[in-house]
Amino acid sequence: MSQVVDVETPGRRPIEIPAIVYRVAGIVLIGLGLALMSDAFLTVANLLNVLRQTALLFLIASGLTLVVLAGGLDLSIGANVGLSACLVATAVQATGSVAVGIAVGCASGTIVGVINGALIAGLKLKPIIATYGIMWVLNGLTYWYMQGGTIYGFPGTFRQIGSGYWLGVPVPVYLMAIVLAAGVVFTRLTTWGHQVYAMGANPEAARLSGVPVTARLYLVYAISGGMGGVAGVVYLARLNSAEAGIGDALLLPAIAAVLVGGTSLFGGLGSVPGTLIGAAMLTLVLNGMNLLVISSNWQPLVTGAIVLLAAGIDTVTRKRAEARG
Amino acid sequence: MTDAAIRAIPSWAARAARIPGVAWVLPLLLAGFAIVEPGFTSAPNLLNIGIQSAILLLLALPMTFVIMSEGLDLSMGALIGLSSVVLALLLVDGQPLSASATAAIGTGLVFGLVNGLLVVHGGIPPFVVTLGTMGVAQGLALAITDGASVVGIGSVLPALYSTTWAGVPFPVVAGTAAYAIFHVLLYHTRYGSYVFAIGGNREALMLAGVNVNAYHVSIYALAGAIVGGAGLLLTGRMNAGHPVAGIGLEFDAIAAAVLGGTERGYGSLPGTLLGVVAVGVLKNGLNLMAVPSSVQVAGVGLLVLVVLMIDAARRPRS
């Protein structure tokens, strides 16, 4: 959030910078706590693992961040990742080609995003209901497509995308860096990016000042869908196995990452790097639970509680900002 | 559309415009399944649709209130699972049905209260609050059961579930009673008027001196309690408590309410009933066609989107 605000309204800098500092400090604190509680935390292998999981979650949540910034919502993102992963699995096994797999993932994800855009920007359906409906449509389609089966065992070159290393750093981390850079450039330096913020802050004012709201809505939903497809490719390459339920548990963490990263659900406030921080925090907490041998059954509870906490902080911050004027 | 054009519409057309899109789609569904699946129109199957729809109706009625008040409750599916698990664990422990049922309803009530307080007093968007409590409820249900079904709940609840009164199965009786209560509550009490007004014109209600926040919280609390109660039907039907059995039921409930034309400030319980029947018919028909339930959700999703599109197309352009 600091980026745009820093550039355009320097007067608010004293409010915005501490927010990021708090979050980074939060990550350090969680890290310190975990290092004290578990010997396994501060090992290179585990830290690389955390980094890789963070990258995966960030890929899923990055496009969602743009949608939320624009004042929308994409509840179909998890199911989108799932369907894309399953389609990619078939494509890679049928052709043996990594490029075809990536193309299929990007295409299927983007198509879903454009459909969301058509329902919301074109037919003016409410984003929550439309993307929630699409979520279940995708969910059912995935189960129908997989017929209860599992597809596993992919070529080594494909698996490199998810589980490989380059110069000692997991490959998804490079993807994360590229997406992060693209996200920052888009939101900070392009007119379109600024229009997305404007739409989220006040759609009517944005429309009246000439922002092509419909076109930008299509854009952000297409990006969110496309990132879901990309994430599906990486996720599949990481797991080396696809079954219909692959995307079922991804929505809650993605929303949590966006929220914890300080992007407001009311639109217009937040940032792509914030979502990276949110993803890192959430991954650290879940990783810590793993290291402390806490059953994964507790994960939805913890993620849900984090969503509530972050949403509460978001609301309080916004109210304070409004009170300040 | 100008004011003059609106006035020029004859009253029967205005009435027709108020009929939700599902009323046009439902006959098509019925006719389609009747043609494709000969067994669809048999009496036992129609009764079966009623039994299967009872739980959904119990969720869709309070969901209608929640959506009318400009809200959404995504936690219902996880919550009915948690209530069912609580109920089953207590029954396995040898507690009487009355105490176990009270605990299940109490669990629902607590979650509903938390939802309401966070939405109304916390000012957090309803979908985030209930997405969070969905995670909490689902996590709790999984954690206290280790993810396994709770079996051996005795015979009292299953016996109650399979009771028939004058040939009418217990779930249908429960669903009918719940509908009657909600109908009277919404259309014939002051509480119902407030439910309409909270989503329609909250400001006016406040200026009239009504404690709007308390009523708004009560909508969520009521929803939680009813969902907890619906946990009895779910447990009775499965003869066990299963932590994830309710996952996704909230979507069917939202679908039923939205299909029935419910939106912020406007809701119609007959519409919701039609929506429940439509979802029930669709799922039953797909079942007969041997479509697995994990795939049926796509059908429900499509049905919602199609009906919403019909409604959007019929809405006058502003």
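Below, read A as the first sequence line, B as the second, and so on, with proteins coming before strands; counting in each chain starts at 1. The analysis underlying the following values was restricted to heavy atoms, covering all of them including side chains, and did not include hydrogens, waters or symmetry mates.
- Among residues 64-74 of chain B, the residues having any heavy atom closer than 4.5 Å to a heavy atom of chain A are, in sequence order, B:Leu72, B:Leu74.
- Nearest heavy atoms, B:Ala298 versus A:Gly140: CB-CA, 3.6 Å.
- Looking at B:Thr133, both its backbone and its side chain come within 4.5 Å of chain A, counting heavy atoms on both sides.
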Name each donor-acceptor pair under 3.5 Å that joins a side chain in residues 244-255 of chain B to protein atoms two or more places apart or in another chain, with its distance.
residue, atom, partner, partner atom, Å
B:Glu250, OE1, B:Gly77, N, 3.3
B:Glu250, OE1, B:Gly248, N, 3.2
B:Glu250, OE2, A:Tyr132, OH, 2.9
B:Asp252, OD2, B:Lys283, NZ, 2.6

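- For a residue to count as touching a neighbouring chain, one of its non-hydrogen atoms must lie under 4.5 Å from one of that chain's; by this rule A:Leu259 touches chain B with the side chain only.
- Taking both residues in full, the closest heavy atoms of A:Trp136 and B:Val297 are given as O-CG2, 3.5 Å, listed atom of the first, atom of the second, then distance.
- Proximity to chain A (any heavy atom under 4.5 Å) is shown, for B:Leu140, by both the backbone and the side chain.
- Rounding to the nearest 0.5 angstrom, the gap separating the CE atom in B:Met309 from the CG atom in A:Leu119 is 5.0 Å.
- Heavy atoms closer than 4.5 Å to chain B are found in the side chain of A:Phe266, but not in its backbone.
- The minimum heavy-atom distance linking A:Asn297 with B:Asp146 is given by the pair ND2-C, 3.4 Å.
- The stretch residues 67-88 of chain A places A:Leu73, A:Leu75 near chain B, each with some heavy atom under 4.5 Å from a heavy atom of that chain.
- Here the CG atom belonging to A:Leu141 is positioned 7.0 Å from the CG atom belonging to B:Leu302, to the nearest 0.5 angstrom.
- Closest non-hydrogen pair, A:Leu265 versus B:Pro125, comes out as CB-CG, 4.3 Å.
- For chain A, the nearby parts of B:Val128 are the backbone and the side chain; heavy atoms of each come within less than 4.5 Å.
- Qualifying side chain to side chain contact (heavy atoms under 4.5 Å, CB included) partners for B:Gln52, counting only residues two or more places apart in sequence or in other chains: B:Asn48, B:Asn284, B:Asn287.
- Applying the 6.0 Å contact sphere to OH of A:Tyr152 captures no more than 12 heavy atoms from other residues, nucleotides or ligands.
- Rounding to the nearest 0.5 Å places CG of B:Leu308 at 9.5 Å from CG of A:Leu123.
- In terms of heavy-atom pairs under 4.5 angstrom with chain B, the leader among A:Asp314, A:Ile306, A:Val137 is A:Val137.
- We find the CG-CG distance between A:Leu301 and B:Leu142 to be 9.5 Å, quoted to the nearest 0.5 Å.
- Between the CG atom in A:Leu252 and the CG atom in B:Leu131 there is a gap of 5.0 Å [rounded to 0.5 Å].
- Put simply, OG1 on A:Thr303 and CE on B:Met134 are 10.0 Å apart, with the number rounded to the nearest 0.5 Å.
- Heavy atoms only, all atoms of each residue included: A:Lys319 and B:His121 are closest at NZ-O, 4.2 Å.
- The number of heavy-atom neighbours closer than 6.0 Å to CD of B:Glu203, taken from other residues, nucleotides and ligands shown, is 12 or below.
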